[in-house]
Number of protein chains: 2
Amino acid sequence: MEIESLLKYISRHIDLSEQEVSIVSEHVKIREYLKGQFIVQQGDVCKYESYVISGCAKTFFVDQEGNEHLVMFAIENWWTADLGSFITQQPADYNVQCLEKTKVAQFSHESLEQLYVKIPKLERFFRIIIQNAFVASQKRIVRNLSLTAKERYRIFREQYPDIEQRVPQYLIASYLGITKQFLSKVRAELLTGN
Amino acid sequence: MEIESLLKYISRHIDLSEQEVSIVSEHVKIREYLKGQFIVQQGDVCKYESYVISGCAKTFFVDQEGNEHLVMFAIENWWTADLGSFITQQPADYNVQCLEKTKVAQFSHESLEQLYVKIPKLERFFRIIIQNAFVASQKRIVRNLSLTAKERYRIFREQYPDIEQRVPQYLIASYLGITKQFLSKVRAELLTGN
DNA sequence: AGATGTTGTTAATCTAGTTTAACCTCCTTT
DNA sequence: AAAGGAGGTTAAACTAGATTAACAACATCT
């Protein structure tokens, strides 16, 4: 079953008994989105924390001039949501849109709160997951402050070769905080003369 | 006692019994640093997660050219550490240095792991704290991608008026990702003509 | 009182990255 | 096969912000 992927992922950080596994399974909804569909839309309340079983999604913010800014990507075994909206149940700042047909395992806010009560170990699980996400987020800030666009692109390719292959370059440019034209120039330099 | 500040802060998110309060207290060390002293140094393992009781500290990264980049500030009721180093117990990427005489409540890695076992509710507490920190970190990324330096400075002043008063401007410039000279220009514009 | 260090300002010159616009290459649809 | 659309490239003109350098205003120390 598709939920195996999630259970395996959880078991990397905490141990669940058979009974706990079935409790988790009852509180999770499997859902598939088509390419282009939205898991979350700016302005709506983010209803789910979604674990990606297969496929790929982008989280992005649309500013007042209408420009998109890429907050993060999510591929297999990643989590995606507008976490700020999910935890406060206030309207979302970000959109999450599928770049491919994407299958996810979803926890609603209510389900998750119930799960925390029934299986307190899950607090630990999500603490660890979010701790790692926070550390990665801070690293990205530091890289944006201290590196040139070319260096950031080089690191991105090393760190996420799978994403680099899979998503259009103009989204990577947005993630790096540069225009697609400039990324194109940087790529040309990297391939030829460095 | 100084630890009251920490306990009050914890109680905003979870309830602790008297017994649990005394367990927490036993695992916390109160320590005072002088202005200029380091709570964490780049290259050392980060031994503590520190809750600021009073004072002010900066977390910064020194790049290969020797330039400092401000990762975050911490004032009263904030937490500070190199979290990546703390959780993995690997050498730290960042420095945490006190900008004033600073009193902190510290959890060692070992103490904290013991506390998680003795008081599982603390997993919830730290999950919530870190969730909020992560959301704030992502917002900062988005602002850095989508706003000009002037807008970022205006928001910083609104969001952290206390910090703005307290720390030198060149550190704020570094936090915003600009030079102190450019911040000076932005400030001149904000005060006069906008 | 003078010297030295820390913080902040102003101004000229320079550059990393943006903007605008044209064009190219694949796909997909009709 | 023609027509669109999505993704990518190139190049010229432009700008937000960096760099360099000089100086001013305070503290603090001797």
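In this structure, CD of B:E189 is placed 13 Å from C1' of C:dT9, rounded to the nearest angstrom. Atom CD of A:Q165 is separated from atom P of D:dG7 by 17 Å (rounded to the nearest Å). Between the OH atom of B:Y153 and the P atom of D:dG17 there is a distance of 15 Å, given to the nearest Å. A:R166 places its CZ atom 16 Å from the P atom of D:dG7, with the value rounded to the nearest Å. Atom CG of A:L147 and atom C1' of D:dA18 are 16 Å apart (whole Å).
If you look at A:Y160 and A:F73, their ring centroids are not closer than 6.0 Å. A:H27 and A:F107 have their aromatic ring centers separated by at least 6.0 angstrom.
Ring pair A:H109/A:F86 is perpendicular by interplanar angle, where above 60° counts as perpendicular and below 30° as parallel. Using cut-offs of 30° and 60° on the angle between ring planes, the pair B:F126 and B:Y116 is perpendicular.
Judged by a 6.0 Å distance limit and a 45° cone about the ring axis, B:R143 is not positioned over the six-membered ring of B:F156.
Under the 3.5 Å distance criterion, with hydrogens and angles disregarded, no donor-acceptor pair is assigned to the side chains of B:S54 and B:E76. At a cut-off of 3.5 Å, with distance as the only test, a side-chain donor of B:S5 or B:Y51 sits close to an acceptor on the other residue.
Residues B:E113 and A:R124 are paired through a salt bridge, judged by an N-O separation under 4.0 Å between the basic side chain and the carboxylate.
Taking a 4.0 Å limit (strictly below) on heavy-atom distances, residues 59-67 of chain B does not reach DNA chain D anywhere. Contact check of residues 167-187 of chain A against DNA chain D (heavy atom, cut-off under 4.0 Å) returns A:P168, A:Q169, A:Y170, A:Q181, A:S184, A:R187.
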